[in-house]
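To keep things clear, I will list the structure first and then write my remarks on it.
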Amino acid sequence: MIHLLFGLVLAWFAPAQAQAPYTISYRLAMSHPASHLFEVTIDVTVPANESSGVVDFQIPKWQPGRYSVADFAANVQEFGARSQNRTLTWTKVDDQTWRVQRQGNRNVTATYKMFNDDLSGTYAQLDVGHANYTGGEVFMYVAGHKSDPVDLHIDPPANWKVVNGRTEKPNQVDWKYPNYEILIDNPTEIGPDWTIDDFKVDGKTYHVVVHSRGDEGGRRPAFVRDIEKIVRAETAMWGVPEFDSYTFMFHFAADDRSSDGMEHLMSTQIIEPGILADRNGYDGAVSTAAHEFFHAWNVKRLRPIELGPWDWTRPAATRGLWIAEGFTQYYGIEMYHRAGFTDSAQFLRDISQTITFIEDSPANKLMSAEASSMAAPFIDAALHKQRTNLSNTSLSYYLKGELIALNLDLLIRGWTRGQRSLDDVMKRAYDEFYVKSPNASYYLKGRGYSIEDFARIVSEVAGRDMTTWFAKYVRGVDPLPYDEALNGVGLRLTKSQATQPHTAGIVIDRDDRLALRLGALETDSAAERGGLQQGDVLLSIGGTNVSRDNWVSALNRYKKGDRIPITVRRFRRTMELNIELGEPDIYDYRIEELPSASAEMKRLRAAWLDGK
Ligand SMILES: [Zn+2]
Ligand SMILES: [Zn+2]
C-alpha cells in the first residue's frame with residue numbers, strides 16, 4: 001500500500017511542481033437564454049519563461065458524484081482562440097482537447113459556447129427561466145494546470161441573480177477558487193425568481209435556496225424547518241462541522257422527469273420532479289437532503305483515496321463507493337428516522353425493502369460490493385451502445401453498501417454491548433483520514449482511505465479482527481450475516497414467498513411503450529430454458545392476452561412444475577412456446593421481533609432506533 005500511495009502522490013504533484021502557475025480567469029455569459037447556449041471565455045496568462053508553445057484546453061469526460069462517462073465535449077461549439085485582437089490557430093487533438101498555438105504571446109483567450117438543457121446535478125440547463133450548472137460540464141480546464149488558482153466572473157441577464165454555496169454577499173458575481181476541482185464543485189443557480197431562507201445551528205449558517213417551477217402551496221416555511229431537523233440530527237452525530245455555511249439548493253422541477261441529488265463541499269443540489277405543494281415532492285426533497293447532507297462528511301471530506309484530485313480523461317476506478325454511497329444511503333434513512341420523519345416500524349420496513357431488492361437480485365451471487373464500486377462507470381446512469389448483461393450481473397453499491405452498513409452497525413452494537421456503533425467508525429475515520437491527516441495533494445485537506453484502512457478502523461471499533469469479514473462480505477459474495485446482526489438487537493429476518501412469486505426470469509423492456517417486449521432474461525430462468533429470447537413480444541400467457549398490467553398475474557395463475565403455453569411475436573412471425581415454471585423468483589423479507597428477545601437486546605435496539 002505504501003508503494004502504491006507513493007506512486008500516486010508523485011503522479012499528482014509532478015506536473016504542478018514542474019510548471020509555474022498560469023493566471024486563469026473564466027467569464028460565463030448567457031445573452032440568449034432561449035438558445036440554451038452558455039458563452040464561456042477563458043483568459044490565460046503564461047509566465048514569461050514558459051517553454052511550451054501551446055495551451056491545451058480540455059473538457060472533462062465526467063465529473064464526481066456520477067461515475068459514468070458523460071462526454072461533455074459533445075456539446076462544445078464555436079471554439080475560437082485569440083491573443084488580444086489577433087486570432088490564434090488551434091487544432092482539436094483528441095475528443096476532449098483543443099490545442100491553441102501561442103505564437104509567442106503570453107496571453108491566450110479561448111472562447112466557446114456550450115449547449116446545456118438538462119436539469120441535473122451532472123449536466124447543466126440554460127433556458128428562459130434560469131441557468132443552473134455544476135461546473136465540469138461547462139468549464140474547460142487548462143491541461144497541466146488544474147491545480148492553479150482560478151477566477152470566475154458571471155454576467156447574468158438583466159434581473160437575474162446568482163447564488164451558490166460560496167456566495168458571501170448579495171449580488172455577488174465574482175469568485176476566486178484555489179483550483180479547478182473546487183471551481184467545479186460549486187453548483188450555481190442564476191435566475192429571476194429563486195428564494196433563499198436561512199437558519200443557524202451551532203453558530204453555523206445554513207441557506208435553503210428554492211427554485212419552484214410549480215406551486216409551493218405555502219409550504220416553504222415548514223419545509224425549511226424540516227431541513228433544519230435534518231441538520232440537527234446529523235450534526236448531533238458528527239459534531240460541529242468545519243464549514244461556516246452550507247447551502248441546500250432545491251429545484252422543484254414540476255416536469256415529472258428531472259430528479260437528482262448531488263453532493264458538494266459547501267452545498268448540495270437537489271432536484272425533485274414534482275412540486276413543493278405535493279406530499280411526494282416535499283417528502284422526497286427532505287429525505288434526499290438527509291442523504292446529501294451526510295455526504296458533506298462521508299465522501300466529500302472523508303473519501304476513498306481515489307476520489308480527488310481526478311484524471312478527467314478517463315473514468316475513476318474507485319473501490320470504496322459501497323462506503324461512500326452505500327453507508328450514506330444507510331445513514332440517510334437513519335437520519336430521516338432520527339429527525340422524526342419515520343417511526344421505528346417504517347424505518348424497519350424501509351430496510352426490509354432494500355433486503356428484499358438485493359436478495360432477489362440475480363447479481364447478488366455474482367457481484368461483490370467492491371466489484372460493484374469498480375463497475376460504477378457502467379452502472380451509474382451509463383448509456384450503452386452495445387447490449388449488455390448487466391441486468392444479470394450488476395448490483396447497486398448504494399443498496400449493497402446500505403446492507404453492509406446495517407450489518408456492521410448491529411454487529412458492533414451487539415459485540416460491544418452497546419458501547420460502540422458504526423457512528424464511531426465513521427467519526428474515527430473522519431478524524432484520522434481528514435481532520436488529522438496531512439494534505440496529500442493540492443485538492444483538499446487530508447488523504448483518502450483505502451479499503452484496508454477502513455477495515456482496520458472497523459476492527460479497532462469492533463474490538464476484533466475484521467479482515468475475514470471484509471473478505472467474505474465486501475470482496476466476496478457470501479450472504480450477509482443478517483441473523484447474527486439482527487439477533488443482537490432482538491430482531492430476526494423472515495423470508496416468505498411473495499404473493500406473485502414467479503417472473504419466469506422475464507424482464508420487460510421499459511423503453512418500448514408500444515409492445516410488451518422482453519428487454520432481458522435472467523440467466524438459467526424458466527423463460528430462457530423454454531426458448532424465449534430478448535426482443536420477443538409477449539402476446540399471451542396460458543391463453544390470456546397479456547399487457548403491461550396483467551402479465552404477472554397471468555403467469556402466477558400457475559405454480560412450480562406447471563407447463564405454460566406462451567405466444568410471442570418474433571421476426572414478424574407468431575410462435576407458440578412452452579415454459580415450465582421452476583422455483584419462485586421473488587421472496588419477501590421482513591424484519592420481525594425475535595420471540596426470545598432479552599431485555600438487554602431490547603435495550604440495544606432502543607439505542608439503535610433512537611440514534612444513541
Ligand atoms: Zn433554477
Ligand atoms: Zn449519494
Side-chain angles (χ1 to χ4, degrees), residues 30 33 36 38 63-68 116-134 154 156-157 159-165 167 185 187-196 208-214 216 230 234 247-255 258-265 267-273 275-276 284-285 287-304 307 318 320-336 372-373 376 379-381 396-402 405:
M30 52 217 81
H36 313 292
F38 283 107
Q63 61 184 330
R66 179 142 301 113
Y67 300 94
S68 57
N116 291 105
D117 191 23
D118 293 283
L119 184 55
S120 144
T122 300
Y123 302 95
Q125 185 166 64
L126 171 62
D127 62 22
V128 292
H130 76 163
N132 183 277
Y133 70 79
T134 296
I154 297 177
N159 303 318
W160 286 25
K161 299 163 295 163
V162 188
V163 67
N164 62 43
T167 296
D185 177 69
T188 297
E189 166 76 1
I190 308 160
D193 56 352
W194 49 264
T195 58
I196 184 163
V208 180
V209 172
V210 176
H211 183 192
S212 283
R213 289 193 146 162
E216 294 195 340
I230 295 291
E234 303 203 5
T247 303
F248 291 90
M249 310 222 312
F250 289 98
H251 274 86
F252 291 92
D255 62 358
S258 306
S259 171
D260 202 7
M262 193 54 79
E263 64 277 8
H264 298 280
L265 280 161
S267 61
T268 175
Q269 168 107 288
I270 293 170
I271 297 156
E272 275 294 316
I275 60 176
L276 189 52
S287 62
T288 306
H291 176 103
E292 300 304 334
F293 187 54
F294 198 84
H295 274 317
W297 291 268
N298 190 34
V299 91
K300 290 314 298 184
R301 290 177 173 80
L302 168 65
R303 59 199 185 272
L307 290 191
T318 312
L321 292 180
W322 57 275
I323 304 169
E325 284 301 348
F327 283 34
T328 302
Q329 187 75 14
Y330 174 67
Y331 274 106
I333 295 166
E334 271 253 18
M335 292 299 174
Y336 195 64
S372 170
S373 181
I379 60 181
D380 182 20
S396 161
Y397 48 82
Y398 284 80
L399 301 184
K400 183 65 186 277
E402 175 192 329

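What you are looking at is a predicted structure, and each value in this text was computed from that prediction instead of being measured. These numbers come from the heavy atoms of this one structure, side chains and all, not from hydrogens, waters or symmetry mates. One-based numbering, in listed order, for ligands and for the atoms of each.
Note: H295 and H291 have perpendicular aromatic rings, judged against thresholds of 30 and 60 degrees for the angle between ring planes. Taking the six-membered ring where the residue is Trp, F248 and F250 present parallel rings, their angle staying beneath 30° rather than reaching 60°.
Within E325, OE1 is the N, O or S atom that lies nearest to the Zn ion (ligand 2). H295 has its closest N, O or S atom to the Zn ion (ligand 2) at the position named NE2.
Heavy-atom minimum distance, E292 versus T268: CB-OG1, 3.2 Å.
Residue contact annotation: E263 places no N/O/S atom under 2.8 Å from the Zn ion (ligand 2).
Between N116 and Y133, every side-chain heavy-atom pair lies at or beyond the 4.5 Å cut-off.
Residues that satisfy the side chain to side chain donor-acceptor pair (under 3.5 Å) test with Q63, not counting sequence neighbours, are E137.
Protein N/O/S atoms found under 2.8 Å from the Zn ion (ligand 1): H130 ND1, E189 OE1, E189 OE2, H211 ND1, H251 NE2.
Taking the ring centroids of F327 and F294, they lie at or beyond the 6.0 Å cut-off.
For the residue pair H36 / Q125, no side-chain donor-acceptor distance below 3.5 Å is found, with atom types taken as modelled.
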